[in-house]
Amino acid sequence: MTADDRRTSRSTIGGFCAYLGDPPEIIPENLPSLRGRDAVDSFYASTFAAIGMEVNVEVVSTEVYDEIAIVRSEQPVTVIAVADGTRTQAYFRELFVLRRTPDGWRIHKYMFSQNPAQA
C-alpha cells in the first residue's frame, strides 16, 4: 500500500474496503466488533454517509512475520460532517493486522481509537 493508497483508502468507502481481506474484522472504539464483509461494508457505508475525513496516515511501527504484518499508526484527522460541512479536529490511533494474499497485503483485522487530548 503506497502513501497515495493510504490517503485514498480513508476518503471513500470503496477505497478502504478494497484493502480488506476475507473475512475482515474491525474493532471500533466503544462499539461491538464487526466480522464479515457485509457487517464491515454496512458500517463503513453509514460512516461515510455521515462524515468525510482528511488524513495522511503516519505509520509508527511495522512488524512483518512471513504472511502476517502488524502496522500501527497515529495521526491527526480532520473529520468533516457531510450534512453541514462542519470540520472537527481528531487524533486517531490504529492497529492493523495484515495478511499476505495472492493479490497483495490485505487488512485482516483493524482496531482504532481516538484521543481527543491529542487533537
Side-chain angles (χ1 to χ4, degrees):
M1 188 181 283
T2 67
D4 286 338
D5 292 336
R6 289 190 297 267
R7 278 191 290 279
T8 300
S9 74
R10 298 307 169 76
S11 61
T12 67
I13 183 173
F16 183 80
C17 291
Y19 291 101
L20 294 174
D22 194 29
E25 179 178 8
I26 63 168
I27 304 137
E29 181 177 36
N30 299 321
L31 294 170
S33 295
L34 301 165
R35 292 177 189 90
R37 176 77 52 191
D38 290 344
V40 171
D41 286 353
S42 176
F43 175 81
Y44 280 108
S46 63
T47 297
F48 286 115
I51 64 168
M53 290 186 270
E54 292 176 356
V55 58
N56 287 313
V57 175
E58 297 177 21
V59 173
V60 175
S61 65
T62 303
E63 301 173 31
V64 179
Y65 306 95
D66 298 318
E67 303 299 310
I68 299 287
I70 301 167
V71 178
R72 191 171 74 80
S73 69
E74 291 192 21
Q75 60 274 324
V77 176
T78 301
V79 178
I80 305 153
V82 171
D84 63 8
T86 301
R87 299 168 73 84
T88 306
Q89 297 306 306
Y91 193 88
F92 287 13
R93 299 175 298 176
E94 303 168 299
L95 185 66
F96 300 85
V97 177
L98 306 168
R99 271 199 181 146
R100 188 187 319 259
T101 73
D103 296 322
W105 291 98
R106 295 293 180 254
I107 301 167
H108 178 62
K109 297 189 185 296
Y110 169 60
M111 180 181 200
F112 64 89
S113 67
Q114 296 183 52
N115 186 354
Q118 290 179 281

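All of these numbers come straight from a predicted model, not from anything done at the bench.
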### Query
Salt bridge check: are Arg93 and Glu74 linked by an N-O gap of less than 4.0 Å?
no

Shared hydrophobic cluster for [X] and [Y] (ILVMFWY, side-chain gaps under 4.5 Å):
X	Y	value
Leu95	Leu34	no
Ile26	Val97	no
Val60	Tyr65	no
Tyr44	Met53	yes
Met111	Ile68	no

#### Entry: Worked verdict on Gln89 versus Thr78 for side chain to side chain contact (heavy atoms under 4.5 Å, CB included)
CA-CA 5 Å; Gln89 297 306 306; Thr78 301; 3.2 Å; yes

### Message
Would the distance check show the side chain of Gln75 and the main-chain N or O of Glu58 forming a donor-acceptor pair, the cut-off being under 3.5 Å?
### Response
yes

### Query
Would you say the side-chain atoms of Thr101 and Asp103 include a donor-acceptor pair closer than 3.5 Å?
no

### Query
Taking atom CZ of Arg72 and atom CD of Glu94, what is their separation to the nearest 0.5 Å?
11.0 Å

### Interatomic distance, Ile70 atom CD1 to Lys109 atom NZ [nearest 0.5 angstrom]
12.0 Å

Give the minimum heavy-atom separation between [X] and [Y], together with the two atoms involved.
X	Y	answer
Ala18	Arg106	O-NE, 3.8 Å
Ile107	Pro24	O-CB, 4.5 Å
Asp66	Arg100	O-NH2, 3.0 Å
Gly36	Pro23	CA-CB, 4.3 Å

### Query
Given the rule in the side chain to side chain contact (heavy atoms under 4.5 Å, CB included) test, do Val57 and Phe92 qualify, once you have shown the distances and angles that lead to the verdict?
CA-CA 9 Å; Val57 175; Phe92 287 13; over 6 Å; no

### Derivation and outcome, side chain to side chain contact (heavy atoms under 4.5 Å, CB included), residues Glu25 and Ile27
CA-CA 7 Å; Glu25 179 178 8; Ile27 304 137; 4.3 Å; yes

### Query
Mind checking whether Phe112 and Phe43 have parallel, tilted or perpendicular rings, split at 30° and 60°?
tilted

### Task
Apply side chain to side chain contact (heavy atoms under 4.5 Å, CB included) to Val71 and Trp105, showing your working.
CA-CA 12 Å; Val71 178; Trp105 291 98; over 6 Å; no

### Message
A quick test of your reading: do over 12 heavy atoms of other residues, nucleotides or ligands sit less than 6.0 Å from CZ of Arg37?
### Response
yes

